[in-house]
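If you're wondering where the values come from, they're calculated on a predicted model, not measured in any experiment.
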Amino acid sequence: CGTTRIPSEICDVLKTLEGSEQRQGRTDVFNVLDEHSKLKSDITDIFSLWINTLLGTKEQKWLMTTSWVTLNPDGSNMVTHRHFNCMYSGVLYFDKVEETHPPLEFINPLQENGSFLLDTPPDQKNVFNTDRMTAPIGEGQMIFFPSYVFHGHSQFEPNGTVRKSFACNFIPI
């Protein structure tokens, strides 16, 4: 997993795009950047720089497959899920993030696969031995992660604000 700061110019464009409430189940909003090829290319370039540096594959090209804006006005939890149609995913918090908005939570894939995990005391947990990890969120922060990792967030008190995020998926080409 990795995080980066996204320029405000990108976030400002995302604020103008139509979103879907996470509980609506709409399937017609998964290509919000198809009409914004420059923005799609810019985000893909940022991801490509990160992942190619991490993997040591400087010539690898990447494609953004799907992209959508999720709105959560009522504070409902985001059921943990994973993405099967891609290799890596990204979530960008492009608008204001309130203190009541919970962080994105990842579930250790070893736990979900029935693999053995030691019962580490809570005060000794770290990113290498925990069953769950949270990624702090903030305006302009983007989180990249392998698509097979389950992720979601807990319920929260909305206090009149809408939790907004942009998400997308990538595959190598």
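- Note on Leu54 and Met87: same hydrophobic cluster, where clusters join Ile, Leu, Val, Met, Phe, Trp and Tyr whose side-chain heavy atoms are under 4.5 Å apart, directly or indirectly.
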- Query: Between Leu49 and Thr4, is a side chain to side chain contact (heavy atoms under 4.5 Å, CB included) present by the stated rule, with each step listed?
  - Reply: CA-CA 11 Å; Leu49 176 63; Thr4 190; over 6 Å; no
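- Here the CH2-CD distance, from Trp68 to Glu18, works out to 15.5 Å after rounding to the nearest 0.5 Å.
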- Which is it for Met142 and Cys168 under the side chain to side chain contact (heavy atoms under 4.5 Å, CB included) test, yes or no, and what are the steps along the way? CA-CA 11 Å; Met142 187 159 195; Cys168 58; 3.8 Å; yes
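- Evaluation of the side chain to side chain donor-acceptor pair (under 3.5 Å) test over residues 141-150, restricted to residues two or more places apart or in two chains, returns Ser89-Ser147.
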- Message: Using the rule given for side chain to side chain donor-acceptor pair (under 3.5 Å), can you reason through Thr66 versus Asn169, listing the C-alpha separation, both sets of side-chain angles and the distance that settles it, and then say yes or no?
- Response: CA-CA 6 Å; Thr66 50; Asn169 293 314; 2.8 Å; yes
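- Of the listed residues (Val13, Leu33, Leu17), just one forms a side-chain contact (heavy atoms from CB on, under 4.5 Å) with Phe166, and that residue is Leu33.
- In terms of heavy atoms, Ala135 sits closest to Phe106 at CB-CE1, 3.8 Å.
- Without hydrogens or angle criteria, Thr44 side chain to Lys40 main chain gives a donor-acceptor distance under 3.5 Å.
- Across all non-hydrogen atoms, the minimal contact from Pro172 to Gln60 is CB-NE2, 3.4 Å.
- Applying the side chain to side chain donor-acceptor pair (under 3.5 Å) test between Trp62 and each of Thr57, Asp45, Asn52 identifies Asn52 as the sole match.
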- Query: After noting the C-alpha distance and the side-chain angles of Phe170 and Phe47, does the key distance pass the ring-ring contact (aromatic ring centres under 6.0 Å, His included) rule?
  - Reply: CA-CA 9 Å; Phe170 302 97; Phe47 167 76; 4.0 Å; yes
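- Below 30°, between 30° and 60°, or above 60°: for His83 and His151 the angle between ring planes is above 60°, a perpendicular geometry.
- Comment: Arg163 does not engage Glu99 in a salt bridge, judged by the lack of any side-chain N to carboxylate O separation of less than 4.0 angstrom.
- Closest heavy-atom contact between Thr161 and His101: OG1-NE2, 3.1 Å.
- Atom NZ of Lys15 has more than 12 neighbouring heavy atoms from other residues, nucleotides or ligands inside a 6.0 Å radius.
- Inspection of the His153 and Thr134 side chains reveals no N or O donor paired with an N or O acceptor under 3.5 Å.
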